[in-house]
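Here's the structure, in structure tokens; my notes come after.
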Amino acid sequence: MAMIAMILVGLVALEHVYILVLEMFLWTTPRAMKSFGMTKENAQITKSLAANQGLYNGFLAAGLVWGLVHPDAAVGRSIEIFFLVCVLVAAVFGGATAKKSILLVQGLPALVALVFVLLT
């Protein structure tokens with residue numbers, strides 16, 4: 001069960017690294033514009049805002065990785081719980097204010113990972 005929890009936490013971290021890359025470096029590319037439903041003009045206007053969002057997603061990923069590699073397993077678990085809850089709060093807020101699919105795309109993986117971490 002602990003190995004599954006670690007894998008799930010790692011996948012949530014990887015997802016947020018991917019979002020970081022999309023938002024910070026690829027915001028005005030066709031891939032990112034399609035993912036976020038943006039026009040070229042809107043993407044250009046919001047480029048610096050997206051980069052800021054991407055940085056925050058990177059912090060979430062870094063926190064999850066920190067929890068995974070922390071030498072004290074109990075402390076690492078607490079770190080993972082904190083950052084998974086942060087991801088969930090961000091997903092609920094994003095789903096309510098920006099795009100409902102955020103709940104499924106970011107919230108559901110974080111929730112499943114959190115359940116497994118709590119069960120270990």
Side-chain angles (χ1 to χ4, degrees):
M1 183 88 78
M3 182 59 72
I4 294 171
M6 290 177 67
I7 290 168
L8 292 171
V9 170
L11 289 173
V12 174
L14 280 175
E15 177 183 30
H16 282 79
V17 168
Y18 177 68
I19 295 168
L20 172 147
V21 171
L22 281 176
E23 292 177 340
M24 290 190 80
F25 306 110
L26 303 176
W27 188 249
T28 57
T29 65
R31 169 188 256 168
M33 289 187 299
K34 182 179 178 188
S35 294
F36 294 99
M38 301 288 289
T39 65
K40 183 74 171 169
E41 182 179 280
N42 284 337
Q44 199 61 44
I45 291 168
T46 59
K47 190 174 180 178
S48 64
L49 295 172
N52 189 298
Q53 287 178 187
L55 185 62
Y56 284 98
N57 278 292
F59 292 144
L60 292 172
L64 292 168
V65 170
W66 178 33
L68 287 171
V69 301
H70 198 283
D72 183 326
V75 173
R77 182 176 180 270
S78 294
I79 293 168
E80 291 168 12
I81 291 167
F82 173 79
F83 280 96
L84 288 169
V85 170
C86 288
V87 170
L88 279 170
V89 170
V92 169
F93 184 79
T97 62
K99 194 173 175 185
K100 292 203 185 307
S101 64
I102 293 171
L103 283 170
L104 181 65
V105 174
Q106 293 178 35
L108 185 59
L111 179 61
V112 172
L114 179 61
V115 167
F116 274 84
V117 169
L118 291 171
L119 291 174
T120 59

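Quick caveat: nothing in here was measured; it's all calculated off a predicted structure.
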Quick check: does any side chain N or O of R77 sit under 3.5 Å from a backbone N or O of D72, one acting as donor and the other as acceptor?
no
For the atom pair CG (N57) and NE2 (H16), what is the distance rounded to the nearest 0.5 Å?
4.5 Å
Spacing of OG1 belonging to T28 relative to CD1 belonging to I45, to within rounding of 0.5 Å
12.5 Å
Under 3.5 Å, which donor-acceptor pairs link side chains of residues 96-114 to any protein atom two or more places apart or in another chain?
from	atom 1	to	atom 2	distance (Å)
T97	OG1	F93	O	2.7
K99	NZ	S35	O	2.9

Inter-residue atom distance T29.OG1 - K40.NZ, 0.5 Å rounding:
8.0 Å
From T39 OG1 over to N42 CG, what is the distance, rounded to the nearest 0.5 angstrom?
3.5 Å
Apart from M24 itself, residues in the same hydrophobic cluster as defined by side-chain heavy atoms under 4.5 Å:
Y18, L20, V21, L22, F25, L26, W27, M33, F36, M38, L55, Y56, F59
Path from V89 to V92 over hydrophobic side-chain contacts below 4.5 Å:
no
Taking all heavy atoms of L84 and all of V12, pick out the closest pair and write down the distance.
CD2-CG1, 4.2 Å
Option among I19, V17, L11 that satisfies the side chain to side chain contact (heavy atoms under 4.5 Å, CB included) test with E15:
I19
How close do F116 and L8 get, heavy atom to heavy atom, and via which atoms?
CD1-CD1, 3.5 Å
Closest non-hydrogen atoms of V65 and A13, given as atom of the first, atom of the second and distance, are CG2-CB, 4.0 Å
Spacing of CE belonging to M3 relative to CE belonging to M6, to within rounding of 0.5 Å:
5.5 Å
